[in-house]
Amino acid sequence: MVPSDHQQIVRVLRTPGNNLHEVETAQGQRFLVSMPSKYRKNIWIKRGDFLIVDPIEEGEKVKAEISFVLCKDHVRSLQKEGLWPEAFSEVAEKHNNRNRQAQPELPAEPQSSVEESSSEDDSDLFVNTNRRQYHESEEESEEEETA
């Protein structure tokens, strides 16, 4: 998706409601954009996302309408083609790095022996915080066995 001459690439700053989104252009201009009814309840836009918008001439507060939501792949292709605004280059890289950090890869665990897998260590189990925690030490269990 390549923006036409009258379209702009913008970044979402916040969502005040009623299918309106506050956006910022590469030049730093802030205004509201509306979401067309074809996208409502189908596409979710969050803070930091990038959009392609069509300007609305008669708008005072709402100055554009969303025409396309850019995903990571679209951003990369626009950067390769040289159509990506310089002001958004750092923001897009930070956004991609943040997504990578939020979803860390699981480290490869070494193969454990049969003896280790049958141990009674429950420290890795989920703890339900809505229930009382009963802690049993080895000393208490030994005293009960001898009694």
Value rounded to 0.5 Å, distance of OG in Ser34 from CG in Asn18: 11.5 Å

From CZ (Phe68) to CD1 (Ile43), nearest 0.5 Å: 8.5 Å

For Tyr39, what residues pass the ring-ring contact (aromatic ring centres under 6.0 Å, His included) criterion, not counting sequence neighbours? none

Can Lys38 and Asn42 be said to form a side-chain contact (heavy atoms from CB on, under 4.5 Å), step by step? CA-CA 8 Å; Lys38 68 179 180 178; Asn42 291 327; over 6 Å; no

Inspect the surroundings of CD in Glu81 and state if more than 12 heavy atoms from other residues, nucleotides or ligands are less than 6.0 Å away. yes

Option from Val33, Leu51, Thr15 for which side chain to side chain contact (heavy atoms under 4.5 Å, CB included) with Ile45 holds: Leu51

Just to verify, what does Ser77 make a side-chain hydrogen bond (donor to acceptor under 3.5 Å, both in side chains) with, not counting sequence neighbours? none

Test of understanding: with side-chain hydrogen bond (donor to acceptor under 3.5 Å, both in side chains), list the residues that count as partners of Arg30, not counting sequence neighbours. none

Say whether Leu78 and Phe88 are linked into one hydrophobic cluster, either directly or through other cluster members, by side-chain heavy-atom distances under 4.5 angstrom. yes

Single-linkage hydrophobic cluster, 4.5 Å side-chain cutoff, Val2 and Ile9 together: yes

Where do His21 and Arg14 land on the side-chain contact (heavy atoms from CB on, under 4.5 Å) test, with the steps shown first? CA-CA 6 Å; His21 301 277; Arg14 66 185 188 101; over 6 Å; no

Heavy-atom distance under 4.5 Å between the side chains of Pro16 and Leu32, does that happen here? yes

Do Phe50 and His74 have their ring centres less than 6.0 Å from each other? no

Once salt bridge (charged side-chain N to carboxylate O under 4.0 Å, His left out) is applied, do any residues pair with Glu24, and if so which ones, sequence neighbours excluded? Arg11

Output all residues satisfying side-chain contact (heavy atoms from CB on, under 4.5 Å) with Thr25, sequence neighbours left out; order by chain, then residue number. Gln8, Val10, Gln27, Gln29, Phe31

Residues 55-67 side chain polar contacts: donor-acceptor under 3.5 Å, at least two apart:
unit_1, atom_1, unit_2, atom_2, d
Ser67, OG, Gln7, NE2, 3.3
Ser67, OG, Ile52, O, 2.9

Nearest heavy atoms of Ala87 and Ala26, plus distance in Å: CB-O, 3.3 Å

